[in-house]
Q: 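The structure's right below; bear with me while I get my questions together.
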Amino acid sequence: MTSTRTAVVTGSTSGIGLAIAHGLAAEGCNIVVNSFSDRPGDHAIAESVAREHGVGALYVQADMSKADQCRTLVTRAAKEFGSVDILVNNAGIQHVAPVEEFPTEKWDAIVAINLTSAFHTSAAAIPLMKTAGWGRIVNIASAHGLVASPFKSAYVAAKHGIMGFTKTVALEVARSGITCNAVCPGYVLTPLVEAQIPDQMKAHNMDRDTVIREVMLAKQPTKQFVTVDQIAAAVSFLCSENAAQINGTHISVDGGWTAE
Ligand code: NAD
């Protein structure tokens, strides 16, 4: 990256978002770390990003299920650092249930956080990017933005939705020096996923490797988890100058899942 950029990464206190924050900070970007909570540990994450990479970093509490807070996140970042050059819409939640039993409040929360938040943050960030004549929007979708699995109706609907949103924004900003793309991870070994392994070992009476290969990675042809750093690297590439002509598309990082 040629000059100091400012990147907002939604949902970046853990897992993929945290790795993206570190990845962009390593490229010299100022970073706005975000989640919905306001614990000392949240601010400490931003401090450690700043210390480790010698960049500016700020934690901003904002609930991505709330329209006004999505927009405030962007305006707060611009106030602190003077611009928002990179927006990574990463915050996401999951709930698993058959459609006829799917709780309405879970559906609403998943669609709000995994899809609608990207509309609000993008709407707030695009005017700033247009003024600067440069911008990058990266939406963290999923293999479930391209294919479905049973019992994940809200998640699959939201992730398919964000793929359509990505393409539409890309067309609207194409002549403004801005790109909008998605990254579609397969199963990523985040703390959330790691914590499920012991229970799965007990439930299936299998050792760790067999659970990972046969249960968790049943659909992932490599039979290996994607790492958070591999997702972060794809995001950093999409934010680079070399990716200026990549617009309105996605990078799958899924071990071949969606090739089947
Ligand atoms: P994670 O649970 O480790 O991290 C999610 C982050 O979002 C956390 O920082 C959490 O605090 C934040 N968050 C949750 N609700 C929020 C809200 N209302 N407002 C603001 N922040 C909120 O999850 P992850 O596995 O790192 O997932 C990150 C993204 O990657 C999600 O969009 C997810 O759908 C996507 N993804 C994950 C996987 C995987 O296997 N882990 C696979 C494909 C896609």
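Note that ligands are numbered from 1 as they come in the structure, with each ligand's atoms numbered from 1 the same way.
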Q: Any heavy atom of Ala62 sitting closer than 4.0 Å to ligand 1?
A: yes
Q: Can you see which heavy atom on Met163 is nearest to which on Leu146, and at what distance?
A: CE-CD2, 3.7 Å
Q: Heavy-atom contacts with Asp63 under 4.0 Å: which atoms of ligand 1 show up? List them by number with element.
A: 17 (C), 18 (N), 19 (N)
Q: Output yes when the distance from some N or O of ligand 1 to some N or O of Ile16 is under 3.5 Å, and no in every other case.
A: yes
Q: Report, in ascending order of atom number, the atoms of ligand 1 lying under 4.0 Å from any heavy atom of Gly11.
A: 6 (C), 7 (O), 8 (C), 9 (O), 12 (C), 21 (N)
Q: Other residues, nucleotides and ligands only: do more than 12 of their heavy atoms fall within 6.0 Å of NZ on Lys167?
A: no
Q: If Ile, Leu, Val, Met, Phe, Trp and Tyr residues are connected whenever their side-chain heavy atoms lie under 4.5 Å apart, and connections chain through other members, are Ile16 and Leu238 in the same group?
A: yes
Q: Please write down residue, atom name and distance for the protein heavy atom closest to atom 24 (P) of ligand 1.
A: Thr190 CG2, 4.0 Å
Q: Give yes or no for whether the N/O distance cutoff of 3.5 Å, strictly under, is met between Tyr187 and ligand 1.
A: no
Q: Should the ring pair Tyr187 and Trp257 be called parallel, tilted or perpendicular, given that the plane angle runs from 0 to 90° and is split at 30 and 60?
A: parallel
Q: How close does the nearest protein non-hydrogen atom get to atom 3 (O) of ligand 1, and which residue and atom is it?
A: Ser14 OG, 2.6 Å
Q: Between Ser37 and ligand 1, find which residue part has any heavy-atom pair under 4.0 Å and reply side chain, backbone, both or neither.
A: neither
Q: Does Arg71 make a cation-pi contact with Phe119, if we ask for NZ or CZ under 6.0 Å from the ring centre and within 45° of the axis?
A: yes
Q: Using a plain distance cutoff, I'd like to know if Lys159 has any nitrogen or oxygen under 3.5 Å from a nitrogen or oxygen of ligand 1.
A: yes
Q: Checking contacts here: is it the side chain or the backbone of Gln94 that comes within 4.0 Å of ligand 1, counting heavy atoms only? Could be both or neither.
A: neither
Q: Atom 34 (O) of ligand 1: which protein heavy atom is closest, and how many Å away?
A: Tyr155 OH, 2.6 Å
Q: Give the numbers and elements of all ligand 1 atoms closer than 4.0 Å to a heavy atom of Ile113.
A: 18 (N)
Q: Between Val226, Asn90, Ile140, which one has a non-hydrogen atom sitting closest to atom 32 (O) of ligand 1?
A: Asn90
Q: How about Tyr155 and His95: are their ring centroids closer than 6.0 Å?
A: no
Q: Does ligand 1 have any atom sitting under 4.0 Å from a heavy atom of Gly186?
A: yes
Q: So is Ala141 close enough to ligand 1, meaning a heavy atom under 4.0 angstrom away?
A: yes
Q: Lys66: heavy atom below 4.0 Å from ligand 1, yes or no?
A: no
Q: Record the part of Asn34 in heavy-atom contact with ligand 1 below 4.0 Å; permitted values are side chain, backbone, both and neither.
A: side chain
Q: Considering Gly145, Ser35, Ala109 one by one, which has a heavy atom nearer to atom 21 (N) of ligand 1 than any of the others?
A: Ser35
Q: Does an N or O anywhere in Ile93 fall below 3.5 Å from an N or O of ligand 1?
A: no
Q: Are any non-hydrogen protein atoms located under 4.0 Å from atom 1 (P) of ligand 1?
A: yes
Q: So, regarding Met64 and ligand 1 (criterion: nitrogen or oxygen to nitrogen or oxygen, under 3.5 Å), is there a contact or not?
A: yes
Q: Assess whether atom CG of Asn205 is packed by more than 12 heavy atoms of other residues, nucleotides or ligands within 6.0 Å.
A: no
Q: Do His43 and Asp38 meet the criterion of a side-chain donor-acceptor pair at a distance under 3.5 Å?
A: yes
Q: In terms of atom number and element, which parts of ligand 1 are under 4.0 angstrom from non-hydrogen atoms of Gly15?
A: 3 (O), 26 (O)
